[in-house]
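Everything on this sheet refers to the single structure shown next.
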Amino acid sequence: MSCAAWLFWLSLLFIVYTYALYPILIGIAARIRPRPVRRGPCAPPVSIVIAAHNEAANIEARVENLLAQEYPADKIEIIVVSDGSTDGTPERLEALARAHPRVRALCLPANQGKASALNAGMEHARGELVVFTDARQRFAPDALARLAENFADPAVGSASGELVFGDPDSAIRNPQSTIQVGLYWRYEIWLRGRESRAGSMLGATGAIYAIRRELYRPLPAGAILDDFLTPMRIVLAGRRAILDGRAICYDRPSSCADQEMRRKVRTLAGNFQAFAIEPGLLLPWRNPSTWWQVNSHKLARLLVPYALIALLAGSFAAHGWLYRLAGVGQMAFYGLAAAGWFIERAGRPLRREISFAYTFTTLNLAAVLGLAAWLRGHGTGTIWRKAYAEKR
């Protein structure tokens with residue numbers, strides 16, 4: 001075969017492995033060699049840490065939601081760190097702390113970024129377990145208890161809940177009825193579940209995850225993805241990071257496509273940053289339990305955009321009708337993605353095939369933009385924007 005043909009087939013193999021073959025292999029591993037979590041009654045003291053920047057509109061309802069958890073009241077403390085807020089958040093926090101002895105307010109005078117705010121909160125945490133969450137979401141009434149049950153297993157160092165999009169009141173009655181997510185998100189949830197069942201999931205859901213306090217390592221200033229770095233450092237220390245779909249956190253999806261794109265770019269920039277901070281995650285002798293998953297799931301996803309470019313180039317450079325047909329098919333696919341961009345901005349619903357092409361293309365574009373942002377040093381976590389604070 002010509003060099004162009006080799007380029008085509010190797011690129012295609014890499015893309016197929018990343019999105020199809022690896023999920024099949026991890027699914028097989030989860031089935032034939034599962035590592036079940038030995039859950040049991042477990043209700044140790046818990047510290048809930050929230051880093052908040054300009055959350056005056058949400059913070060009171062969020063604290064009330066946490067105070068109403070079905071968990072021993074004398075074993076919960078809530079630590080809210082106001083990260084240089086200027087909208088009245090500190091005043092509301094101080095009022096909450098006066099009204100509820102289980103609430104502690106820490107007010108940083110200047111915006112230092114989420115990583116620094118979490119580090120500040122952890123300095124005051126006294127619980128055996130620490131639960132991290134954000135200011136906007138809501139927990140199901142039993143979410144905290146469900147998370148804690150996982151720590152009856154001494155191998156578990158981090159336990160993540162599941163994010164559900166919809167109205168909490170109706171979703172509590174029927175959780176499956178309000179999961180308003182697309183095909184890609186359902187695929188991602190399935191993949192995380194199989195990774196967890198086979199050993200450890202990669203990171204956590206930032207809106208709802210718990211760790212053993214003694215396993216926490218302070219985050220570097222400017223770290224973007226605390227929900228990836230902290231659980232994966234726990235994995236490097238020899239414990240498991242698992243997913244418990246029974247612990248549910250409710251949220252609303254982004255209402256603005258541009259806001260969602262910025263969130264994706266920032267998240268993917270955070271992946272590049274995380275590998276720079278903890279390169280041992282990619283090495284089998286440093287990360288024997290999940291290096292294959294990290295390389296196949298996280299790193300490969302960051303490299304797929306360049307494989308797509310190589311695939312398109314190989315399609316038109318190689319000789320033969322098969323390559324030409326593949327090239328035309330790719331151009332048609334990207335045409336559907338472009339149509340999806342215009343349709344979404346017009347406020348109209350996307351058909352399934354257009355939605356798939358649009359989602360796939362924008363995710364890969366976000367990976368390229370994320371690399372550019374990381375190389376420029378942007379998105380370090382110092383400046384909080386609403387779109388950037390969103391977690392999935």
Side-chain angles (χ1 to χ4, degrees), residues 46-71 73 75-127 129-141 143-144 147 161 163-169 171-172 204-210 219 226-227 247-256 259 263 381-392:
V46 172
S47 298
I48 303 173
V49 177
I50 302 174
H53 176 72
N54 289 347
E55 292 287 357
N58 298 312
I59 200 62
E60 291 175 346
R62 185 68 179 112
V63 169
E64 294 294 340
N65 169 253
L66 295 171
L67 289 171
Q69 284 291 294
E70 297 171 356
Y71 199 85
K75 293 186 177 182
I76 297 177
E77 69 169 353
I78 302 170
I79 302 171
V80 185
V81 184
S82 172
D83 185 23
S85 299
T86 58
D87 68 338
T89 297
E91 291 78 10
R92 297 197 180 197
L93 282 177
E94 290 169 359
L96 285 167
R98 288 193 297 269
H100 302 285
R102 289 183 285 157
V103 179
R104 301 184 66 183
L106 300 178
C107 299
L108 304 181
N111 180 213
Q112 300 178 27
K114 186 174 185 180
S116 296
L118 292 179
N119 290 338
M122 287 298 295
E123 290 179 1
H124 294 80
R126 297 294 178 264
L129 302 181
V130 178
V131 174
F132 297 103
T133 185
D134 296 325
R136 191 188 65 243
Q137 294 88 7
R138 300 289 181 270
F139 281 4
L144 200 58
L147 282 179
L163 192 63
V164 170
F165 295 100
D167 173 28
D169 294 331
I172 289 171
T205 301
I208 176 169
Y209 73 103
L219 294 161
D226 65 279
D227 55 350
I248 295 176
C249 178
Y250 299 100
D251 197 6
R252 58 184 182 273
S254 299
S255 57
C256 173
Q259 182 185 69
R263 186 197 64 80
T382 302
I383 299 174
W384 281 50
R385 297 179 182 175
K386 287 291 183 182
Y388 287 0
E390 291 175 3
K391 293 287 184 180
R392 288 197 178 179

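Here the structure is a predicted model, which means the values were calculated and not measured.
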Quiz item: Taking C-beta and beyond as the side chain, do Tyr71 and Leu147 meet within less than 4.5 Å on heavy atoms?
Solution: no
Self-check item: Donor-acceptor contact below 3.5 Å, side chain Glu123 vs main chain Leu118
Solution: no
Quiz item: From Glu60 CD over to Leu96 CG, what is the distance, rounded to the nearest 0.5 angstrom?
Solution: 5.5 Å
Exercise. Check Ile79 against Gly121 and note the closest heavy-atom contact, atom names and distance.
Key: CD1-O, 3.8 Å
Quiz prompt | Any donor-acceptor N/O pair, Arg62 side chain to Ile50 backbone, under 3.5 Å | solution = no
Exercise. Taking the side chain as every heavy atom from C-beta outward, state whether Val131 and Leu66 have any atom pair closer than 4.5 Å.
Key: no
Quiz item: How many angstroms lie between CD1 in Ile78 and CZ in Arg104, if you round to the nearest 0.5 Å?
Solution: 12.5 Å
Practice problem: Indicate the atoms forming the closest heavy-atom contact of Ser85 with Ala52, along with that distance. | Solution: OG-O, 3.5 Å
Practice problem: Quick one: pull up CG in Asn119 and CG in Asp226 and give me the separation to the nearest 0.5 Å. | Solution: 9.5 Å
Exercise. Search all heavy atoms of Ala125 against all heavy atoms of Val130 and return the closest pair with its distance.
Key: CB-CG2, 4.3 Å
Practice problem: Would you confirm whether Ser47, through its side chain, and Gly127, through its main-chain N or O, come within 3.5 Å as a donor-acceptor pair? | Solution: yes
Exercise. Output, in order, the C-alpha distance, side-chain angles, deciding distance and verdict of side-chain contact (heavy atoms from CB on, under 4.5 Å) for Val81 and Leu108.
Key: CA-CA 7 Å; Val81 184; Leu108 304 181; 3.9 Å; yes
Practice problem: Output every pair passing side chain to side chain donor-acceptor pair (under 3.5 Å) with a member in residues 89-99, not counting sequence neighbours, ordered by first then second residue. | Solution: Asp87-Thr89
Self-check item: From Ile48 atom CD1 to Leu129 atom CG, the distance as rounded to the nearest 0.5 Å
Solution: 10.5 Å
Quiz item: Taking atom OG1 of Thr133 and atom CG of Asp227, what is their separation to the nearest 0.5 Å?
Solution: 11.0 Å
Exercise. Quick one: closest heavy-atom pair of Arg138 and Ala61, and the distance?
Key: NH2-CB, 3.1 Å
Practice problem: Could you pull out the closest heavy-atom pair between Ala207 and Phe139, with the gap in Å? | Solution: O-CE1, 3.5 Å
Practice problem: Using the salt bridge (charged side-chain N to carboxylate O under 4.0 Å, His left out) rule, take Lys114 and Asp83 through it: C-alpha gap first, then chi angles, then the decisive distance, then the call. | Solution: CA-CA 7 Å; Lys114 186 174 185 180; Asp83 185 23; over 6 Å; no
Quiz item: For Ala135 and Asn58, which heavy atoms make the closest approach, and how far apart are they?
Solution: O-CB, 3.7 Å
Quiz item: Given the rule in the side-chain contact (heavy atoms from CB on, under 4.5 Å) test, do Gln137 and Ile208 qualify, once you have shown the distances and angles that lead to the verdict?
Solution: CA-CA 9 Å; Gln137 294 88 7; Ile208 176 169; over 6 Å; no
Quiz item: If you round to the nearest 0.5 Å, how far is CD1 of Ile76 from CG of Leu67?
Solution: 7.5 Å
